[in-house]
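Data first, discussion second: the structure below is written as structure tokens.
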Number of protein chains: 2
Amino acid sequence: MTSLPVVNQPPHRCGALLDHLSRRMRLRSESVLAPLGLRPRHLIALTVLRDLGGSSQQDLAKILEMDGTNVVGLLNDLETENLIERRRSPVDRRRHVVELTDVGVKLLVRAEFALAAVEDEVLRGLSDEQRETLYELLHQATSKTEAEACTEAVTRPTC
Amino acid sequence: MTSLPVVNQPPHRCGALLDHLSRRMRLRSESVLAPLGLRPRHLIALTVLRDLGGSSQQDLAKILEMDGTNVVGLLNDLETENLIERRRSPVDRRRHVVELTDVGVKLLVRAEFALAAVEDEVLRGLSDEQRETLYELLHQATSKTEAEACTEAVTRPTC
DNA sequence: TATTGTTATACTCTATAACTATA
DNA sequence: TATAGTTATAGAGTATAACAATA
């Protein structure tokens with residue numbers, strides 16, 4: 001009875017590392033996006049809107065995990081720059097349907113190009129294959145629990 | 001010449017997902033840590049200090065990727081609660097040597113126990129094996145580029 | 001009455017500049 | 001002169017409460 005039983009060790013805690021890497025990515029992204037007049041927050045919103053092909057402000061708030069009141073200001077910024085459009089929903093006039101404009105789509109492409117360089121730098125400790133694995137794990141971790149956040153049906157996997 | 005050459009596709013962008021998951025982890029962590037009188041920031045500082053076995057404030061700022069001025073306030077909080085100690089370095093009296101107290105070590109253990117539950121919830125979309133892979137990728141990504149951030153030699157891999 | 005979006009506001013987080021004490 | 005830490009402060013991020021329009 002001297003040998004210990006084989007047990008499943010609990011996985012390491014990822015929280016601190018996640019915070020750390022995310023922080024670095026955000027810091028670097030800020031300086032790259034500033035010349036385009038965007039903040040990281042703006043870019044994430046634009047990306048989500050393109051992937052969804054439009055959204056109500058409330059759903060957007062849930063997806064971004066932001067307070068709805070702050071989404072208002074965020075969209076005000078983007079609307080001032082003609083990057084998004086707010087239209088009243090015809091089926092429920094309380095709602096706004098938020099969509100990218102052509103200008104928004106084009107700026108988003110430019111921003112993504114700039115951000116690719118940032119990722120190359122921040123994630124240069126990983127091989128391309130490892131980066132792909134990281135992407136898949138992050139995607140799976142975020143999308144699995146997303147259904148609870150979105151009350152309205154959003155069909156795209158990006159949610 | 002109709003068949004396309006096999007090329008390495010560029011890896012997906014991880015930035016948005018990283019931000020998203022990190023955000024969720026932080027939001028959940030806040031509510032769990034609040035009863036202990038801690039904020040996520042405090043916990044990360046305590047964890048780093050334990051792993052390093054002590055640090056100057058400047059090195060701590062580099063490791064946490066925080067501005068040095070904000071580290072002052074952070075350590076003030078922790079010192080008020082007797083979780084850390086600041087001592088003048090005998091070799092360079094400009095510096096403080098920051099170390100955990102016994103109280104700090106004990107509270108850190110309690111906090112980590114609470115945070116384990118948060119990780120289980122936030123990462124429940126991943127299997128234990130996938131979580132371990134995620135940890136290793138995050139660890140590798142952060143530690144590879146850490147040498148540049150820390151001018152002073154810090155021997156522990158946690159840096 | 002409940003929901004969507006909005007405004008006003010307070011609180012936290014973060015960064016910049018000026019100061020002190022040591023080197 | 002340069003560095004470690006501190007203070008004061010301004011800006012950005014975030015959350016809460018009250019309100020208008022609509023359901």
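The shown structure was predicted, so the numbers you read here are calculated from the model rather than taken from an experiment. Quick note on labels: first sequence line is chain A, next is B, and so on, each numbered from 1.
One atom, NE2 of A:His42, and another, P of D:dA12, lie 11 Å apart when rounded to the nearest Å. Rounding to whole angstrom units, CG of residue B:Leu60 and C1' of D:dA4 are separated by 13 Å. Taking atom CG of A:Leu43 as the reference point, atom C1' of D:dG13 lies 17 Å away to the nearest angstrom. Residue A:Met66 contributes atom CE, which lies 8 Å from atom C1' of D:dG13 at whole-angstrom precision. Rounding to whole angstrom units, CG of residue B:Asp67 and C1' of D:dG11 are separated by 13 Å. With rounding to whole Å, B:Arg95 atom CZ is found 16 Å from D:dT6 atom C1'. Look at CG on A:Leu33: it is 15 Å from P on D:dA12, rounded to the nearest Å. We find that CG of B:Asn76 is positioned 6 Å from P of D:dT7, with the value rounded to whole Å.
Here B:Leu64 lies out of heavy-atom contact (under 4.0 Å) with every strand. Note on B:Leu74: nothing from the nucleic acid sits closer than 4.0 angstrom, heavy atoms only.
By the side-chain hydrogen bond (donor to acceptor under 3.5 Å, both in side chains) test, A:Glu99 pairs with A:Arg87, sequence neighbours left out.
A chain of hydrophobic side-chain contacts below 4.5 Å, direct or via other Ile, Leu, Val, Met, Phe, Trp or Tyr residues, connects A:Val105 to A:Leu49.
Residue side chain A:Arg93 does not reach the base of D:dT22 through any donor-acceptor N/O pair under 3.5 Å, judged by distance alone. Residue-to-nucleotide contacts include a donor-acceptor pair under 3.5 Å from the side chain of B:Asn70 to the base of C:dA15.
Set against C:dA17, D:dA15, D:dT14, the side chain of A:Thr69 has D:dA15 as its closest nucleotide. Which of C:dA8, C:dC13, D:dG5 sits closest to the side chain of B:Gln58 comes down to D:dG5. Set against C:dA23, D:dT6, C:dT12, the side chain of B:Arg39 has C:dT12 as its closest nucleotide. The nucleotide whose nearest atom lies closest to any side-chain atom of A:Arg94 is, among C:dT6, C:dT4, C:dA21, C:dT4. Comparing D:dT6, D:dA23, D:dT14 against the side chain of B:Gln57 picks out D:dT6 as the nearest.
Phosphate proximity of D:dT6 to B:Arg86: present, with a side-chain N or O under 4.0 Å from OP1 or OP2. OP1 or OP2 of C:dT14 lies within a sub-4.0 Å distance of a side-chain N or O belonging to A:Arg23. Between B:Arg88 and C:dA21 there is no side-chain polar atom (N or O) within less than 4.0 angstrom of OP1 or OP2.
Surrounding CZ of A:Arg88 are more than 12 heavy atoms belonging to other residues, nucleotides or ligands, all under 6.0 Å away.
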- Which is it for B:Arg131 and B:Glu136 under the salt bridge (charged side-chain N to carboxylate O under 4.0 Å, His left out) test, yes or no, and what are the steps along the way? CA-CA 9 Å; B:Arg131 279 178 61 173; B:Glu136 281 160 14; over 6 Å; no
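Counting heavy atoms from C-beta on, the side chains of B:Leu64 and B:Leu74 come closer than 4.5 Å.
Residue-to-nucleotide proximity on DNA chain C shows that, of A:Gly68 and A:Arg26, the 5′-proximal contact is made by A:Gly68.
Remark: side-chain polar atoms of B:Glu132 are paired, donor with acceptor, to backbone N or O of A:His12 under 3.5 angstrom.
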